[in-house]
Amino acid sequence: EADIYQTPRYLVIGTGKKITLECSQTMGHDKMYWYQQDPGMELHLIHYSYGVNSTEKGDLSSESTVSRIRTEHFPLTLESARPSHTSQYLCASSPPGQGPTLFFGSGTQLSVL
Amino acid sequence: GENVEQHPSTLSVQEGDSAVIKCTYSDSASNYFPWYKQELGKGPQLIIDIRSNVGEKKDQRIAVTLNKTAKHFSLHITETQPEDSAVYFCAVRGENTGFQKLVFGTGTRLLVSP
(Lines give C-alpha, C1' and ligand atoms only; values in the text may rest on other atoms or scores of the structure.)
Protein backbone atom coordinates (compact mmCIF):
# COMPACT_ATOMS: atom_id res chain seq x y z
CA GLU A 1 0.00 0.00 0.00
CA ALA A 2 1.29 3.43 -0.97
CA ASP A 3 2.32 5.90 1.72
CA ILE A 4 0.68 9.08 0.53
CA TYR A 5 -1.43 11.08 2.89
CA GLN A 6 -3.94 13.84 2.42
CA THR A 7 -5.42 16.05 5.10
CA PRO A 8 -8.08 16.93 5.88
CA ARG A 9 -10.35 14.19 4.52
CA TYR A 10 -13.35 16.49 4.63
CA LEU A 11 -13.48 20.28 4.76
CA VAL A 12 -16.55 22.52 4.89
CA ILE A 13 -15.73 26.19 4.67
CA GLY A 14 -17.36 29.51 3.93
CA THR A 15 -16.89 31.59 0.81
CA GLY A 16 -13.84 33.83 0.81
CA LYS A 17 -11.73 31.77 3.18
CA LYS A 18 -8.15 30.80 2.40
CA ILE A 19 -7.51 27.07 2.55
CA THR A 20 -4.57 24.75 2.14
CA LEU A 21 -4.96 21.07 1.31
CA GLU A 22 -2.03 19.02 2.52
CA CYS A 23 -0.38 16.15 0.68
CA SER A 24 2.66 14.22 1.83
CA GLN A 25 4.38 11.08 0.62
CA THR A 26 7.10 9.07 2.30
CA MET A 27 8.24 7.11 -0.75
CA GLY A 28 10.74 9.64 -2.05
CA HIS A 29 8.88 9.99 -5.34
CA ASP A 30 10.03 12.84 -7.53
CA LYS A 31 6.79 13.49 -9.39
CA MET A 32 3.59 14.65 -7.70
CA TYR A 33 0.17 15.58 -9.03
CA TRP A 34 -3.13 17.15 -8.04
CA TYR A 35 -6.32 15.94 -9.66
CA GLN A 36 -9.80 17.37 -9.29
CA GLN A 37 -12.60 14.81 -9.41
CA ASP A 38 -16.08 16.06 -10.17
CA PRO A 39 -19.31 14.31 -9.07
CA GLY A 40 -19.50 12.70 -12.50
CA MET A 41 -16.27 10.87 -11.59
CA GLU A 42 -13.98 12.45 -14.19
CA LEU A 43 -10.40 13.11 -13.11
CA HIS A 44 -8.84 16.38 -14.25
CA LEU A 45 -5.16 17.20 -13.77
CA ILE A 46 -4.83 20.68 -12.26
CA HIS A 47 -1.17 20.79 -11.12
CA TYR A 48 1.95 18.67 -11.28
CA SER A 49 5.55 18.77 -10.22
CA TYR A 50 8.65 16.99 -11.49
CA GLY A 51 10.62 17.72 -8.35
CA VAL A 52 11.60 20.33 -5.79
CA ASN A 53 10.96 23.89 -7.00
CA SER A 54 9.18 22.58 -10.11
CA THR A 55 5.45 23.21 -10.59
CA GLU A 56 3.32 23.23 -13.70
CA LYS A 57 -0.33 23.86 -14.44
CA GLY A 58 -2.33 20.91 -15.60
CA ASP A 59 -4.91 20.42 -18.30
CA LEU A 60 -7.80 21.95 -16.35
CA SER A 61 -7.54 25.59 -15.42
CA SER A 62 -7.65 26.09 -11.67
CA GLU A 63 -7.54 29.12 -9.40
CA SER A 64 -5.53 27.12 -6.90
CA THR A 65 -1.76 27.32 -6.50
CA VAL A 66 0.82 24.75 -5.40
CA SER A 67 4.34 24.71 -4.05
CA ARG A 68 7.06 22.07 -3.88
CA ILE A 69 9.70 23.13 -1.39
CA ARG A 70 10.37 19.61 -0.14
CA THR A 71 10.27 16.34 -2.06
CA GLU A 72 7.69 14.81 0.24
CA HIS A 73 5.27 17.74 0.47
CA PHE A 74 2.98 19.20 -2.22
CA PRO A 75 0.31 21.46 -0.70
CA LEU A 76 -2.49 23.07 -2.68
CA THR A 77 -3.81 26.51 -1.72
CA LEU A 78 -6.96 28.41 -2.56
CA GLU A 79 -6.63 32.08 -1.61
CA SER A 80 -10.36 32.76 -1.65
CA ALA A 81 -12.66 29.75 -1.75
CA ARG A 82 -15.88 29.87 -3.75
CA PRO A 83 -18.78 27.42 -4.13
CA SER A 84 -17.48 26.54 -7.61
CA HIS A 85 -14.40 25.07 -5.89
CA THR A 86 -16.52 22.40 -4.23
CA SER A 87 -15.03 19.10 -5.38
CA GLN A 88 -12.93 16.09 -4.47
CA TYR A 89 -9.19 16.81 -4.65
CA LEU A 90 -6.84 13.86 -5.15
CA CYS A 91 -3.09 14.00 -4.71
CA ALA A 92 -0.79 11.45 -6.34
CA SER A 93 2.89 10.70 -6.64
CA SER A 94 4.96 8.68 -9.07
CA PRO A 95 8.44 7.16 -8.85
CA PRO A 96 11.15 7.60 -11.48
CA GLY A 97 11.11 5.32 -14.46
CA GLN A 98 8.58 4.25 -17.03
CA GLY A 99 4.90 4.86 -16.47
CA PRO A 100 3.99 7.05 -14.77
CA THR A 101 2.53 4.77 -12.14
CA LEU A 102 0.42 6.98 -9.92
CA PHE A 103 -0.08 6.32 -6.23
CA PHE A 104 -3.11 8.23 -5.01
CA GLY A 105 -4.04 9.51 -1.61
CA SER A 106 -7.58 9.07 -0.31
CA GLY A 107 -8.56 12.59 -1.27
CA THR A 108 -9.99 15.70 0.34
CA GLN A 109 -13.68 16.40 -0.15
CA LEU A 110 -14.02 20.18 -0.14
CA SER A 111 -17.38 21.89 0.25
CA VAL A 112 -17.55 25.67 0.00
CA LEU A 113 -20.77 27.21 1.27
CA GLY B 1 -4.54 17.27 -26.91
CA GLU B 2 -5.28 13.64 -26.20
CA ASN B 3 -8.94 12.63 -26.06
CA VAL B 4 -9.90 9.44 -24.20
CA GLU B 5 -13.42 8.04 -24.40
CA GLN B 6 -14.59 5.28 -22.08
CA HIS B 7 -17.70 3.08 -22.36
CA PRO B 8 -19.97 2.14 -20.80
CA SER B 9 -20.41 4.69 -18.01
CA THR B 10 -22.23 2.12 -15.87
CA LEU B 11 -22.19 -1.66 -16.04
CA SER B 12 -24.23 -4.08 -13.97
CA VAL B 13 -23.43 -7.80 -14.01
CA GLN B 14 -24.28 -10.88 -12.01
CA GLU B 15 -21.59 -12.49 -9.91
CA GLY B 16 -19.62 -14.91 -12.04
CA ASP B 17 -20.28 -13.09 -15.30
CA SER B 18 -17.60 -11.31 -17.31
CA ALA B 19 -17.29 -7.54 -17.61
CA VAL B 20 -15.69 -5.61 -20.45
CA ILE B 21 -14.86 -1.91 -20.47
CA LYS B 22 -13.54 -0.21 -23.59
CA CYS B 23 -11.52 2.95 -24.16
CA THR B 24 -10.59 4.73 -27.34
CA TYR B 25 -7.89 7.36 -27.72
CA SER B 26 -6.93 9.87 -30.36
CA ASP B 27 -3.13 10.22 -30.28
CA SER B 28 -1.45 7.49 -32.32
CA ALA B 29 1.84 8.21 -30.50
CA SER B 30 0.37 7.13 -27.14
CA ASN B 31 2.37 4.24 -25.73
CA TYR B 32 1.24 3.42 -22.20
CA PHE B 33 -2.25 2.36 -21.15
CA PRO B 34 -3.00 1.72 -17.47
CA TRP B 35 -6.25 0.84 -15.73
CA TYR B 36 -7.15 2.12 -12.28
CA LYS B 37 -9.79 0.94 -9.82
CA GLN B 38 -11.38 3.38 -7.37
CA GLU B 39 -13.29 1.99 -4.41
CA LEU B 40 -15.66 4.11 -2.40
CA GLY B 41 -13.85 6.64 -0.24
CA LYS B 42 -10.44 5.85 -1.68
CA GLY B 43 -8.16 7.14 -4.38
CA PRO B 44 -7.71 5.21 -7.64
CA GLN B 45 -5.29 2.28 -7.58
CA LEU B 46 -3.41 0.78 -10.52
CA ILE B 47 -4.66 -2.73 -11.33
CA ILE B 48 -3.04 -3.51 -14.68
CA ASP B 49 -1.23 -1.74 -17.48
CA ILE B 50 -0.02 -2.42 -21.00
CA ARG B 51 2.56 -0.87 -23.27
CA SER B 52 2.28 -0.32 -26.99
CA ASN B 53 4.60 -3.18 -27.91
CA VAL B 54 2.25 -5.74 -26.33
CA GLY B 55 -1.20 -6.81 -27.52
CA GLU B 56 -2.53 -8.49 -24.40
CA LYS B 57 -1.65 -8.84 -20.75
CA LYS B 58 -3.27 -10.97 -18.06
CA ASP B 59 -3.17 -11.00 -14.29
CA GLN B 60 -5.39 -13.66 -12.76
CA ARG B 61 -9.00 -12.63 -13.47
CA ILE B 62 -8.20 -9.38 -15.23
CA ALA B 63 -6.76 -8.80 -18.68
CA VAL B 64 -6.15 -5.86 -20.94
CA THR B 65 -6.08 -5.97 -24.73
CA LEU B 66 -4.69 -3.28 -27.02
CA ASN B 67 -5.44 -2.60 -30.68
CA LYS B 68 -3.05 0.13 -31.75
CA THR B 69 -4.36 0.26 -35.30
CA ALA B 70 -7.88 0.99 -34.12
CA LYS B 71 -6.64 3.02 -31.16
CA HIS B 72 -8.63 1.23 -28.53
CA PHE B 73 -7.93 -0.92 -25.50
CA SER B 74 -10.18 -2.90 -23.21
CA LEU B 75 -10.32 -4.23 -19.67
CA HIS B 76 -11.71 -7.72 -19.22
CA ILE B 77 -12.75 -9.05 -15.82
CA THR B 78 -13.76 -12.71 -15.67
CA GLU B 79 -15.67 -14.50 -12.91
CA THR B 80 -16.69 -11.20 -11.35
CA GLN B 81 -17.12 -10.99 -7.60
CA PRO B 82 -18.98 -8.41 -5.46
CA GLU B 83 -15.64 -6.94 -4.38
CA ASP B 84 -14.99 -6.02 -8.02
CA SER B 85 -17.72 -3.37 -7.64
CA ALA B 86 -15.97 -0.02 -8.04
CA VAL B 87 -15.29 2.74 -10.54
CA TYR B 88 -12.73 1.82 -13.21
CA PHE B 89 -10.67 4.36 -15.15
CA CYS B 90 -8.58 3.85 -18.23
CA ALA B 91 -5.72 6.24 -18.87
CA VAL B 92 -3.32 7.08 -21.65
CA ARG B 93 0.17 8.48 -21.79
CA GLY B 94 1.62 9.72 -25.00
CA GLU B 95 3.85 12.19 -26.70
CA ASN B 96 1.16 14.85 -26.87
CA THR B 97 0.18 14.49 -23.22
CA GLY B 98 3.71 14.74 -21.92
CA PHE B 99 5.48 11.58 -20.93
CA GLN B 100 4.99 12.06 -17.23
CA LYS B 101 1.27 12.77 -17.34
CA LEU B 102 -1.80 10.62 -17.80
CA VAL B 103 -5.10 11.55 -19.39
CA PHE B 104 -7.95 9.61 -17.80
CA GLY B 105 -11.14 8.29 -19.30
CA THR B 106 -14.49 9.31 -17.87
CA GLY B 107 -14.84 6.23 -15.66
CA THR B 108 -17.10 3.16 -15.57
CA ARG B 109 -19.14 2.31 -12.49
CA LEU B 110 -19.21 -1.49 -12.23
CA LEU B 111 -21.80 -3.13 -9.99
CA VAL B 112 -21.56 -6.86 -9.38
CA SER B 113 -24.69 -8.33 -7.86
CA PRO B 114 -24.48 -11.51 -5.77
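Proteins get letters first, then strands, A, B, ... in listed order; numbering begins at 1 in each.
Although no hydrogens or angles enter the test, the distance criterion places no donor-acceptor pair under 3.5 Å between the side chain of A/Lys57 and the main chain of A/Thr65.
Residues B/Ile50 and B/Val20 do not share a hydrophobic cluster, clusters being chains of Ile/Leu/Val/Met/Phe/Trp/Tyr side chains in contact below 4.5 Å.
When side chains are defined from C-beta on, B/Ile47 counts as touching B/Tyr88, because their heavy atoms get closer than 4.5 Å.
For B/Pro44, the parts lying under 4.5 angstrom from a heavy atom of chain A are both the backbone and the side chain. At a 4.5 Å heavy-atom cutoff, B/Gln6 makes no contact with chain A through either its backbone or its side chain. Neither the backbone nor the side chain of A/Gln109 comes within contact range of chain B, judged by heavy atoms closer than 4.5 Å.
In summary, the side chains of B/Thr65 and B/His76 do present a donor paired with an acceptor at a separation below 3.5 Å, with no hydrogens or angles considered.
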